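Below, each value reflects all heavy atoms present in this structure, side chains not excepted, and no hydrogens, waters or symmetry copies. Quantities reported herein were computed from a predicted structural model and do not represent experimental measurements.
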Amino acid sequence: IVDATLYKQALMAKIQDLVAGGIKTEAGLLEAFEAPAFPLGETEDVISFDLSADYLSGVINDLRKLGFLKGRDGKIKSC
């Protein structure tokens, strides 16, 4: 359970970072996550995400419900 929680926290943080960096669509986010690995915080560790479109959409909806993201009609914005 701890690993799954840390994974989702890292994923949510990366989504917020990518949206703040200018990616505005789920398709754009899915494409960004095709990168082989991302730095994990300020450590030397890396993490990779193997996401389906449905899983990513669910996490984005969770972030909207929590008030971290907004937007409709396929557009995503930071709050």
Side-chain angles (χ1 to χ4, degrees):
I1 292 180
V2 172
D3 289 340
T5 301
L6 292 175
Y7 176 85
K8 192 161 186 183
Q9 286 175 336
L11 174 60
M12 293 171 94
K14 190 61 183 175
I15 290 170
Q16 290 175 294
D17 185 47
L18 291 169
V19 169
I23 295 177
K24 303 295 182 198
T25 64
E26 287 186 26
L29 287 170
L30 198 57
E31 184 178 325
F33 280 112
E34 290 178 0
F38 297 94
L40 187 56
E42 296 180 15
T43 69
E44 293 183 19
D45 296 327
V46 295
I47 189 167
S48 60
F49 299 99
D50 183 19
L51 304 174
S52 70
D54 288 338
Y55 185 79
L56 178 61
S57 182
V59 174
I60 290 169
N61 285 333
D62 289 346
L63 286 167
R64 282 186 175 126
K65 289 176 189 174
L66 294 169
F68 292 108
L69 296 177
K70 60 183 178 178
R72 300 227 186 267
D73 300 326
K75 301 290 184 197
I76 302 168
K77 300 175 186 173
S78 295
C79 288

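Smallest separation of non-hydrogen atoms from Ile23 and Gly28: CG2-C, 3.5 Å. Closest non-hydrogen pair, Leu69 versus Ser78, comes out as CD2-CA, 4.2 Å. Closest heavy-atom contact between Leu66 and Met12: CD1-CE, 3.9 Å. Pairing each heavy atom of Gly71 with each of Arg64, the nearest pair is O-NE, 3.2 Å. Minimum heavy-atom separation, Ala53 to Leu30: CB-CD2, 3.9 Å.
Here CD of Gln16 is found 11.0 Å from CD1 of Ile60. Values are rounded to the nearest 0.5 Å. The CG atom of Leu11 lies 12.5 Å from the CG atom of Leu6; values are rounded to the nearest 0.5 Å. Atoms NZ and CG, on Lys24 and Leu29 in that order, are 10.0 Å from each other to the nearest 0.5 Å. Expressed to the nearest 0.5 Å, how far CD of Glu34 lies from CG of Leu51 amounts to 10.0 Å.
Lys8 is linked by a side chain to side chain donor-acceptor pair (under 3.5 Å) to Asp62, counting only residues two or more places apart in sequence or in another chain.
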task = List the steps and the verdict of side-chain contact (heavy atoms from CB on, under 4.5 Å) for Leu56 and Ile15.
result = CA-CA 9 Å; Leu56 178 61; Ile15 290 170; 3.6 Å; yes
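The side-chain heavy atoms of Phe33 and Leu18, taken from C-beta on, include a pair separated by under 4.5 Å.
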Show me, pair by pair, the donor-acceptor contacts under 3.5 angstrom made by side chains of residues 35-50, not counting sequence neighbours?
residue : atom : partner : partner atom : Å
Thr43   : OG1  : Leu40   : O            : 2.6
Thr43   : OG1  : Asp45   : N            : 3.1

